[in-house]
**Student:** 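Quick one: the structure is below, questions incoming.
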Amino acid sequence: MHIMRVMKRYSQLALMLCFLCLEIVCLCKSDGSICRELERKALVDFKQGLKDPNGFLSSWIGLDCCSWSGVRCHNHTGHIVRIDLQYSFMLIGEIQPLLVLNHLRYLDLSGNFFEDDRIPAYLGSLVSLQYLNLSHANLSGRVPHQLGNLSRLRYLDLSSNSLYVNSLHVIGSHWLTNLSSLQYLNLDFVNHSKATNVLKVLSTLPLISEIHLHDCELHIPLSLGAHINFTNLQFLDLSSNSGINSTVPLWLFQLSGLEYLDLSDNNFQDLIPHAIGKLTSLRVLTLEYNEVPSIRLPPTLGELCNLSILTLSGNNYIPSDLNGLGEIFSGCIKNSLEELYWSGAKLTGQLPIWLAKLKSLKTLDLSFNSLYGSFIQFRLPSMQELSLGGNQLNGTILKYLGQLFPKLVKLDLSYNNLAGILTEAHFDNLTNLESLDMNSNAFELILRPKWVPPLELKYLDMSDSKLGPKFPSWLQKLKKVSYIKMSNARIMDALPVWFWNFSSNIENVDLSHNEIRGKLPAGSAKLTNLEILDLSHNNLEGQLPQFSSNLVDLDQAHGLFSTSTFSNTSIIVPSLFQLYIYSNKIMGSIPKTLCTLSYLAVLDLSHNMIEGVVPDCWNLSLYSWLGVMDLSHNNLFGIIPASISSTNLYFLDLSNNAFFGELPASFKNCTSLYVLDLGYNNICGSIPTWLAENSKYDLEMLELRNNMLTGSIPPQLVNLIYLHVIDVSNNHLSGAIPHSFGNFSAMKTGMGVPSISVGGYRSNIEINLKGRDVQLEWLSEILICIDLSNNMLSGEIPEELGQLSLLQSLNLSKNQLSGQLSEKIGQLRWLEVLDLSVNNLSGVIPPTMTNLTSLNHLNLSYNNFYGEIPYGGQLQVLPDPSIYNGNQGLCGYPLDKKCEITAPAQPPSLPNNEDDDNNLETIWFYLSMSLGFIFGFWVISGALILKKRWSMPTI
Ligand SMILES: *[C@@H]1O[C@H](CO)[C@@H](O)[C@H](O)[C@H]1NC(C)=O
Ligand SMILES: *[C@@H]1O[C@H](CO)[C@@H](O)[C@H](O)[C@H]1NC(C)=O
Ligand SMILES: *[C@@H]1O[C@H](CO)[C@@H](O)[C@H](O)[C@H]1NC(C)=O
Ligand SMILES: *[C@@H]1O[C@H](CO)[C@@H](O)[C@H](O)[C@H]1NC(C)=O
């Protein structure tokens, strides 16, 4: 899935590059007009402000700027009219205003990276601009109102900038009023929470025909006033602007010219009013994922005679029985509808006969509903993609599918209760079939070895059908197949030799859970595109062959490598993009050749038995792709190589190895890191201050647990404004806890703290619980914590910690902290875990502790607290007296010792110094006994490891 996503993106990039090349070729051939000197100088200045790693601007030399790549001049006047630098991967720094280019009509800087992430206001002075594209360009901050001066602008695209932090936003809507030539506007992901009336202003722009406002925190007004003048509007995307309980505004249904309407993912209540029938031009209507209790489809929907694509997935409908909707689909929609998406909508009933009326229907997706009864028994002559997976269809399927669906390309029957014997006749004449998914049914297939399967098949999943006992030799004929799943198919045979060679298109093979036996055939494999190979749960022996390929994802091959060493798995091909071979039994050391993979974006070798020193040959230039490096849980040792340092690396996990020495100073260059996990090594020296010198660092999680760090904790860490996990426990740190620790922005505001998804990838939070990896989903909610336990920290606990209002876990146990506990501790409303045990804290327990309403785990044992334990609030439901053990002067609930009502709290006599050692032993004994507590504190503060699957961050 992720690979798919990354590859998809990769190919998009490739496509854009191609497009770019074509563009350049055209431009080079363009006319011979000589540019004007003033304008040429402006371009030269502009170039000075750029970093151009790919040499895109290498042609920007000489006098004739009209022949420079991406630049075009007017044939007659010689003025520069067009600059197109789309996706040239440049870093655009400070731009000298291009003011002299006042004939510029077309400016495309999309897909580059603005270093100063504001939109330059001077763009508003380029009054001739007709086309401005600044999408995908790392822009944030306020959209300058000066853009409103561009009265000739026809096309404006500011979409998909800074999706995560400090997003690009609009204040007010007035700036739009003068864009009177605007036809196309794309503000997807531009925050509009501080702009009202945007739609109202847009409705006055006479020429506007296409508006994209996806995920803008837009307020969608119920009224646009008396006159609605969206005369030319054809395309409107208002998806993902969910207000609470919003109502579909009726003015939408006066837009009679509308051809495309997307209202998905808003919390609209009564989603489809009768008035929908007025939108007679509609061709595409998308209404998925509105969290509405129930929706009724109005009969007028059937009167949309041009509607060809209708998406209703992910909502609940009344009546939920599909058969009740026959009347709607008898309207003229029956002639126009080509694609109907209606999955996950709690639909029930049998597959309705009215489907047969939809003569143009090419795509039907009714997956993940509760449809029952038999499979379609009527002819659907146009049907190409039929998805019925995840229902309760039962019985058999008719023979001659090729006659029922002569144009079928994709058939998904997975996860139903279909059964019966399928023979060759079922698949006759499916000459276009590319994808067949019959996973999780109870079919039995009776097919001759000589059978000729549908030859276009690319995706074939026959898992859980009875295919065996022979290995299906007809597979050899599927030369185009890239995905084969035949898990649990009762194959009891040897893996044939041809299997390694029969198609170079194969990407993904799953033959797990069969009884395939014997030695893996020897020889080399020509599966040059293989990404995933799962042969687990069979009776195979021996080694994988030499793959001459991009074997990029072997995480499914657990256990297969019992005898493999790293170097003979032959995964090293220059174009390798992602390498996942975690959780195998890879031995040997990391080969130097890995350093040479210039496209490598993800390297995950974690949880293997790789040993030795990591080669210090990484050539991670500014433009390397490597974002994720996970070498954790191996047997690596030595000094961390200085060459692992790149501005693009965002996840680095070297934990659970035996690295020693200090942190290399070159890590200063890792300005994009947001997870740094070096826990469980032997790293020494102090926590470097440079880690925090530059407040632009994105670091969110700093894990240095269980090392040999010394010195004090640098107060500068507070400059890491996104930091929300600090774990430096179990080191030899000394000195005081910095007062600055009360100022961690992310712990005060939650800014940048992920809920579940972080920066474009979904993370599984894993926790290392006494050597076992346990996945605890709820843990994703405990992500703001400080663990400084088991060091030699002294001094008082800074009262400023009380300002970290979102802190969820604070562990300062096993240090030498002294002084009193500030009553400001009571401000930590979200604190779930507080462990201050085994310190020298004294004084009374502040009564404000009863305000800690989220507290689940508290340990104040082995300090010198005295006086009455505050009663009430959450403290009342922590009845375990041992959490106060070893504080001689405490009294009150839950201790047995009652407080004397009037006597003021007295400090207890100090313990006899001579007994200290003894005391300590008792303490340790006690601690190892109190497993209940330790469990609690491990769960929270044990090594948090964010990991597993990655995709690249969006540019
Ligand atoms: C300028 O030249 C190009 C290509 O030579 C041509 O396509 C275009 O029509 C010309 N424009 C004018 C305004 O003459
Ligand atoms: C609506 O736009 C048209 C031009 O498309 C213009 O002539 C008309 O005056 C506008 N009406 C209102 C009420 O703004
Ligand atoms: C949303 O509307 C429903 C019914 O109209 C109501 O019961 C519910 O309380 C509302 N919720 C909010 C958050 O306003
Ligand atoms: C299919 O399931 C229905 C109940 O949902 C049952 O009445 C019917 O007998 C089943 N048909 C077959 C062929 O198993």
Side-chain angles (χ1 to χ4, degrees), residues 293-297 312-329 340-358 361 363-380 383 385-406 408 410-430 433 435-447 451 454 460-469 485-491 513:
S294 57
I295 288 171
R296 223 172 268 277
L297 295 188
L312 298 168
S313 302
N315 300 296
N316 296 337
Y317 289 87
I318 295 178
S320 52
D321 187 337
L322 272 183
N323 285 288
L325 299 170
E327 199 185 324
I328 295 174
F329 289 94
L340 175 60
Y341 301 92
W342 209 345
S343 69
K346 299 207 171 82
L347 297 170
T348 62
Q350 308 209 4
L351 285 168
I353 189 80
W354 53 255
L355 285 174
K357 294 182 192 162
L358 306 177
L361 200 63
T363 301
L364 176 64
D365 183 357
L366 295 173
S367 55
F368 300 102
N369 283 297
S370 303
L371 303 172
Y372 52 80
S374 47
F375 180 69
I376 295 177
Q377 320 244 348
F378 39 82
R379 197 173 134 89
L380 295 170
M383 185 59 63
E385 302 197 359
L386 181 57
S387 302
L388 300 171
N391 282 289
Q392 291 141 29
L393 302 176
N394 66 1
T396 58
I397 57 178
L398 291 183
K399 276 184 196 171
Y400 307 114
L401 291 173
Q403 289 180 13
L404 290 180
F405 317 117
L408 204 61
K410 173 184 164 182
L411 178 61
D412 178 5
L413 301 173
S414 62
Y415 299 97
N416 277 291
N417 304 322
L418 295 163
I421 293 175
L422 300 185
T423 61
E424 295 168 19
H426 282 89
F427 304 101
D428 268 358
N429 290 329
L430 288 173
L433 194 67
S435 170
L436 176 61
D437 189 348
M438 320 193 315
N439 185 6
S440 293
N441 284 284
F443 293 117
E444 179 175 349
L445 288 117
I446 300 186
L447 303 164
W451 175 52
L460 177 62
D461 190 343
M462 294 187 159
S463 298
D464 302 311
S465 291
K466 182 176 179 298
L467 257 175
K485 257 185 113 175
M486 294 182 169
S487 172
N488 188 27
R490 287 179 261 174
I491 301 170
H513 296 270

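All values below come from the heavy atoms of this structure, side chains included, with hydrogens, waters and symmetry mates left out. Both counts, for ligands and for their atoms, begin at 1 and track the order of listing. Position 1 is the first residue of the sequence; numbering continues from there.
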**Student:** Quick check for you: to the nearest 0.5 Å, what is the distance between F378 atom CZ and L355 atom CG?
**Tutor:** 5.0 Å
**Student:** Would you mind finding which of L418, N394, L393, N417 brings a heavy atom closest to atom 2 (O) of ligand 4?
**Tutor:** N394
**Student:** Counting only heavy atoms on the protein side, is anything nearer than 4.0 Å to atom 7 (O) of ligand 4?
**Tutor:** no
**Student:** Taking the side chain as C-beta and beyond, is there a heavy-atom pair between L388 and F375 under 4.5 Å?
**Tutor:** yes
**Student:** So for atom NZ, which belongs to K357, do other residues, nucleotides or ligands contribute more than 12 heavy atoms lying within a distance under 6.0 Å?
**Tutor:** yes
**Student:** Which residue owns the protein heavy atom closest to atom 13 (C) of ligand 4, what's the atom, and how far is it?
**Tutor:** G395 CA, 3.9 Å
**Student:** Using a 4.5 Å cut-off on heavy atoms from C-beta on, say whether the side chain of L322 contacts that of N369.
**Tutor:** no
